[in-house]
Colleague: 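Got a structure for you, questions after.
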Amino acid sequence: YGLTMLALLGFAHLKTMHQMNGLKNLCGVAMALVSTVYFTHAGLISWSAGLVMAGGTFVGGYAGARLSRKVSSHLVHDMTVVLGLGIVLYLLLKR
């Protein structure tokens, strides 16, 4: 969902890729909280697997944010575009 959200946030007239990425991360946290509450209430969570995934997500998100601040916004933007196009090509050729 990350690349799609970044593409849509490009229309929000934010000044830098870092702002768009921060807003994307905030939306991701909100979605995770809502889904956690829902699936907890429904009794559908495997807590052992969920906690491992939550830990990995937290570490990856923190490390990614620190790394992205060390490189230029233009590089982050360009790499996002390249990655997105690569995924599109892969999915088209996979058919």
Side-chain angles (χ1 to χ4, degrees):
Y1 75 95
L3 288 174
T4 305
M5 285 181 68
L6 284 175
L8 292 173
L9 287 171
F11 297 109
H13 302 295
L14 297 173
K15 301 231 185 273
T16 68
M17 188 68 166
H18 296 301
Q19 290 174 332
M20 287 189 287
N21 200 33
L23 186 54
K24 175 194 67 90
N25 290 341
L26 184 63
C27 291
V29 168
M31 288 187 291
L33 288 175
V34 169
S35 62
T36 300
V37 168
Y38 175 81
F39 289 116
T40 298
H41 182 69
L44 298 172
I45 292 182
S46 168
W47 285 104
S48 58
L51 290 174
V52 169
M53 289 179 62
T57 300
F58 178 78
V59 170
Y62 183 78
R66 289 190 52 90
L67 178 64
S68 73
R69 277 193 243 150
K70 293 181 180 186
V71 298
S72 74
S73 179
H74 295 291
L75 180 61
V76 174
H77 176 268
D78 293 345
M79 292 305 295
T80 302
V81 169
V82 168
L83 181 62
L85 289 174
I87 291 170
V88 167
L89 287 173
Y90 170 77
L91 292 173
L92 286 174
L93 297 174
K94 184 179 171 185
R95 289 180 163 200

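In this text, all values refer to a predicted model and were calculated from it rather than measured experimentally. All values below come from the heavy atoms of this structure, side chains included, with hydrogens, waters and symmetry mates left out.
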Colleague: Show every donor-acceptor pair shorter than 3.5 Å between a side-chain atom in residues 46-66 and any protein atom, with sequence neighbours excluded, or say none if there are none.
Modeller:
unit_1	atom_1	unit_2	atom_2	d
T57	OG1	M53	O	2.8

Colleague: Starting at CG of L26, measure out to CE of M5 and round the result to the nearest 0.5 Å.
Modeller: 8.5 Å
Colleague: Which of these passes side-chain contact (heavy atoms from CB on, under 4.5 Å) with M20: N25, L9, L8?
Modeller: L9
Colleague: Tabulate below the donor-acceptor pairs under 3.5 Å that side-chain atoms of residues 27-44 make, not counting sequence neighbours, or state none.
Modeller:
unit_1	atom_1	unit_2	atom_2	d
S35	OG	M31	O	3.1
S35	OG	A32	O	3.0
T36	OG1	A32	O	2.7
T40	OG1	T36	O	2.6

Colleague: For residues 78-93, tabulate all N or O donor-acceptor pairs below 3.5 Å that involve a side-chain atom, not counting sequence neighbours.
Modeller:
unit_1	atom_1	unit_2	atom_2	d
T80	OG1	V76	O	2.7

Colleague: Among Ile, Leu, Val, Met, Phe, Trp and Tyr joined by side-chain contacts under 4.5 Å, find the other residues sharing a cluster with L67 and list them by chain and number.
Modeller: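 L67 shares its hydrophobic cluster with no other residue.
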Colleague: Go through M17 and L6 one step at a time and tell me if the side chain to side chain contact (heavy atoms under 4.5 Å, CB included) criterion holds.
Modeller: CA-CA 8 Å; M17 188 68 166; L6 284 175; 3.8 Å; yes
